[in-house]
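In what follows, every chain begins at residue 1, and chains take the letters A, B, ... in the order their sequences are listed.
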Amino acid sequence: MAKEIVNREDNYSLWYNNLVVKADLAENSAVRGCMVIKPYGYAIWEKMQAQLDKMFKDSGHVNAYFPLFIPKSFLSKEAEHVDGFAKECAVVTHHRLMSNPDGPGVVVDPDAKLEEELIVRPTSETIIWNTYRNWIKSYRDLPLLVNQWANVVRWEMRTRLFLRTAEFLWQEGHTAHSTKSEAIEETERMVHIYEKFAREYMAMPVMVGRKSQSERFAGALDTLCIEALMQDGKALQAGTSHFLGQNFAKAFDVQYTNKEGKLDYVWATSWGVSTRLMGALIMSHSDNNGLVLPPKLAPIHVVMVPIYKSQEDRSKILEQMNEIKEKLQKRGLSVKIDDRDNLRSGFKFAEWELKGVPVRIAIGPKDMEKGTVEIARRDTLTKEFISMEGVEELIPDLLDEIQENIYDKALKFREKNTYVVDSYDDFKSKIEEGGFLLCHWDGTAETEEKIKAETKATIRFIPIDDSYKEEGKCIYTGKPSGRRVFFARAY
RNA sequence: CGGGGUGUGGCGCAGUUGGUAGCGCGCUACGUUCGGGACGUAGAGGCCGCCCGUUCGAGUCGGGUCACCCCGACCA
């Protein structure tokens, strides 16, 4: 299955390291597991950002910014929360350096020790809720719907490019509501916005579900998620939305006066997606020729490659290309003419395929004679000659078609790799092939833990869709179960 | 944090019994090429991850350390 199409081992460097979207891991020894996102890769992130930001604002949210440093005492105010993050925190202890009295270089000035250590935010619930205490006094201040675009640091034991870097970029929404039901609605609204973004923009089909208790966010009462299946058969959590109950309001004493004039704690949610989405994008669509970018997120929609022998031909063709480029730009497309004179066209074809540009237009002397252009699609790797006249009218439709085709392909892949499994023996053999396994589970953390220990598979999510409700028996214990859940090995 | 592996020009690698480094790609210049990753000629580019040790002499041997990759435990 998956491994025949794309072998992750082989393509890892092709997709990430050799490439464009590539992130060099920083060579400085002090910076562990961080990434440098090159301009082309960052352009993809900017596109994602712009679209998500629009979707947040369209649903009533606003942006704000909170400090990078969190006083250590803040983190310990919510017991479960600190348990979840304590093991992966970067801690600031001093605020000054001095020249080394015993030799060259600089050392930390021992006199500059901070009275209270600062934690580099692994997530911002604590510092934000500490601020919300002063922002929320009345029911008229609610709901408070704030999002932050930021970087966070989690000192993970093991890092992996894009999927789990020590520092990553993300957005984190933190909302406050006067009622429990309103907060739950918000939690659901946001996970569906993520689902829509993944489907419509990333061309990535995702399942919406609920995390089991053991996979829940530290400090949350409920965690909803979007979960995608990568081409190597492993699942990837691509975004989460948490219902935090009144945990943080109580920990930071955020109370408001309700319509009846009584004090009450507010209800909270938080939700986020990160640069992990770029890993998801790459691993969902790429093939052995490199990246395949969905047109809606591609920094360059159309690349134009001239083919020529003489400088005369070259300038004629480039002139023609500029005309087409202008027409395409008027339709809102991003177009690149690859006019580099030192490279052959074949090399350029391969290079732009590696970068995942959805459409390539090549024009040579023969085209100039016949009035045609060669159009190549990145998703299917097919080429055809069409009339130069009116090409600008066809390209937008073609891009839409590519966007759709990439989605369909990913959806078919997931459907083909989702299995209904009713016995534990079957489970153990199927899990080796990868994919989602849809099984009955008795609902206990013990069973989940045992299955994980024996097979490395975890419950990715409990579907919230009622169509998965059905009476059955747990594949492990045989105890009764009211619905099927999705198991997979995950990143 | 445990197990395994790797650190040598920008990238990918070689380097024998220890004797101050080589190949391919890329880069620069010139020429010939140009419809799917061109070729020739001439060049430039390296405190061999870092520290300590053994030795007359260390890329090579020993110890330590840091980083990265893979497999676990942990996690977005």
B:rG36 base / A:Arg360 side chain donor-acceptor hit below 3.5 Å: yes

B:rU16 versus B:rU8 - spacing of their P atoms, nearest Å: 16 Å

Donor-acceptor pair, A:Asn417 side chain versus A:Phe413 backbone, under 3.5 Å? yes

Among residues 307-323 of chain A, which residues get a heavy atom nearer than 4.0 Å to RNA chain B? A:Ile307, A:Tyr308, A:Lys309

What's the gap between B:rA38 and B:rU33 when it is taken at their C1' atoms, as a whole Å value? 7 Å

Short side-chain N/O contact from A:Arg344 to OP1 or OP2 of B:rC39, under 4.0 Å: no

So with a 6.0 Å cut-off around NZ of A:Lys47, is the heavy-atom count from everything else above 12? yes

Say you pick atom P in B:rA29 and the same atom in B:rG45; how far apart are they, in whole Å? 16 Å

Looking at B:rU55, which nucleotide sits across from it as a Watson-Crick or G-U wobble partner, both distances under 3.5 angstrom, or is there none? none

Can you tell me if the side-chain N/O atoms of A:Arg164 get under 4.0 Å from OP1 or OP2 in B:rC75? no

By the 4.0 Å heavy-atom rule, please label A:Phe85 as base, sugar-phosphate, or nothing. nothing

Would you kindly check whether a donor in the side chain of A:Glu353 faces an acceptor in the base of B:rG37, or vice versa, at under 3.5 angstrom? no

Under a 3.5 Å cut-off for both distances, is B:rC1 Watson-Crick or wobble paired, and to whom? B:rG72

What's the spacing between A:Ser315 OG and A:Tyr308 OH if we round to 0.5 Å? 10.5 Å

In whole Å, measure the gap between the P atoms of B:rG22 and B:rG59 for me. 14 Å

Nearest-Å distance once atom P is located in both B:rA76 and B:rG7: 34 Å

Are A:Lys234 and A:Asp232 close enough, and set up right, to give a salt bridge (charged side-chain N to carboxylate O under 4.0 Å, His left out), and what steps lead you there? CA-CA 6 Å; A:Lys234 283 172 112 172; A:Asp232 62 356; 5.5 Å; no

Which part of the nucleic acid does A:Lys456 contact within heavy-atom distance under 4.0 Å: base, sugar-phosphate only, or nothing? sugar-phosphate

Classify A:Ser274 by what it touches in the nucleic acid, base, sugar-phosphate, or nothing, heavy-atom distance under 4.0 Å. base

So what's B:rG12 paired with, Watson-Crick or G-U wobble, going by both distances under 3.5 Å? B:rC23

Looking at A:Lys452, does any N or O in its side chain come under 4.0 Å of the phosphate oxygens OP1/OP2 on B:rC74? yes

Which residues pass the side-chain contact (heavy atoms from CB on, under 4.5 Å) test with A:Asn63, not counting sequence neighbours? A:Asp53, A:Lys57, A:Asn147, A:Trp149

Only counting residues at least two apart or in another chain, list the ones meeting side chain to side chain donor-acceptor pair (under 3.5 Å) with A:Ser212. A:Ser214, A:Glu448

How far does the C1' atom of B:rG43 sit from the matching atom of B:rC47, given to the nearest Å? 24 Å

Using atom P in both nucleotides, what's the gap between B:rG49 and B:rG36 to the nearest angstrom? 42 Å

Quote, to the nearest angstrom, the C1' distance that separates B:rU60 from B:rG53. 15 Å

Looking only at heavy atoms, the pair that brings A:Thr223 and A:Phe217 closest together is OG1-N, 3.1 Å

Identify the nucleotide, in any strand shown, that forms a Watson-Crick or G-U wobble pair with B:rC50, with both distances under 3.5 Å; if there is none, say none. B:rG64

Assigned partner base of B:rG31, Watson-Crick or wobble definition, under 3.5 Å: B:rC39

Counting only heavy atoms not in A:Lys77 (residues, nucleotides, ligands), do more than 12 fall under 6.0 Å from its NZ? yes

